[in-house]
Amino acid sequence: MSHSPGKEASISTEKKRIDLGVNEGVYEALVRLSAKRRQPLAGVSRSLIEQVLEHQKGLHFSRVADEGLSRLQKRVAHTTAWE
């Protein structure tokens with residue numbers, strides 16, 4: 001089943017489903033990891049996608065923080081701030 005905007009899945013589930021094509025090397029790596037973890041291929045794939053999304057979110061907020069720090073003109077010493 002593939003994900004198509006505007007089409008509802010015929011399977012009744014709370015989880016959204018996607019059909020994801022991967023190259024042979026990625027597939028083989030997922031199969032090996034699935035066997036090593038003793039988890040279904042779909043579960044391993046979902047876990048890896050979630051980890052990457054969290055990592056990307058962290059990178060985004062790190063960039064935002066770096067941009068904010070680079071715009072600061074004046075900095076106050078720690079001892080001055082707590083006087």
Side-chain angles (χ1 to χ4, degrees):
M1 178 186 317
S2 63
H3 176 72
S4 300
K7 284 188 175 181
E8 293 300 318
S10 60
I11 299 173
S12 178
T13 181
E14 291 182 21
K15 295 179 184 172
K16 301 296 181 191
R17 300 191 179 274
I18 60 172
D19 181 30
L20 181 64
V22 297
N23 66 37
E24 189 68 26
V26 171
Y27 180 78
E28 290 172 2
L30 287 170
V31 168
R32 285 191 307 271
L33 189 57
S34 173
K36 182 178 178 180
R37 292 183 178 182
R38 296 183 179 154
Q39 295 177 340
L41 184 63
V44 170
S45 301
R46 181 177 52 248
S47 174
L48 291 172
I49 290 169
E50 289 169 351
Q51 288 174 30
V52 169
L53 290 173
E54 284 298 314
H55 178 72
Q56 288 295 313
K57 185 169 48 172
L59 289 176
H60 168 73
F61 286 117
S62 179
R63 277 194 301 272
V64 168
D66 288 345
E67 288 172 8
L69 289 174
S70 68
R71 288 188 212 136
L72 293 177
Q73 300 296 322
K74 181 179 177 184
R75 297 203 172 136
V76 177
H78 179 78
T79 53
T80 306
W82 291 98
E83 289 181 340

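Values below: all heavy atoms of this structure, side chains included; hydrogens, waters and symmetry mates excluded. By convention here, the first residue in the shown sequence is residue 1.
- Listed by chain and number, the residues in a side chain to side chain donor-acceptor pair (under 3.5 Å) with K57 are E54 (sequence neighbours excluded).
- Evaluation of the side chain to side chain donor-acceptor pair (under 3.5 Å) test over residues 28-48, restricted to residues two or more places apart or in two chains, returns S47-Q51.
- Under the side chain to side chain donor-acceptor pair (under 3.5 Å) criterion, E50 pairs with no residue at all, not counting sequence neighbours.
- Going from atom CG of L20 over to atom CG of L30 covers 8.5 Å, rounded to the nearest 0.5 Å.
- Remark: H55 pairs with L59 by the side-chain contact (heavy atoms from CB on, under 4.5 Å) rule, at least two apart or across chains.
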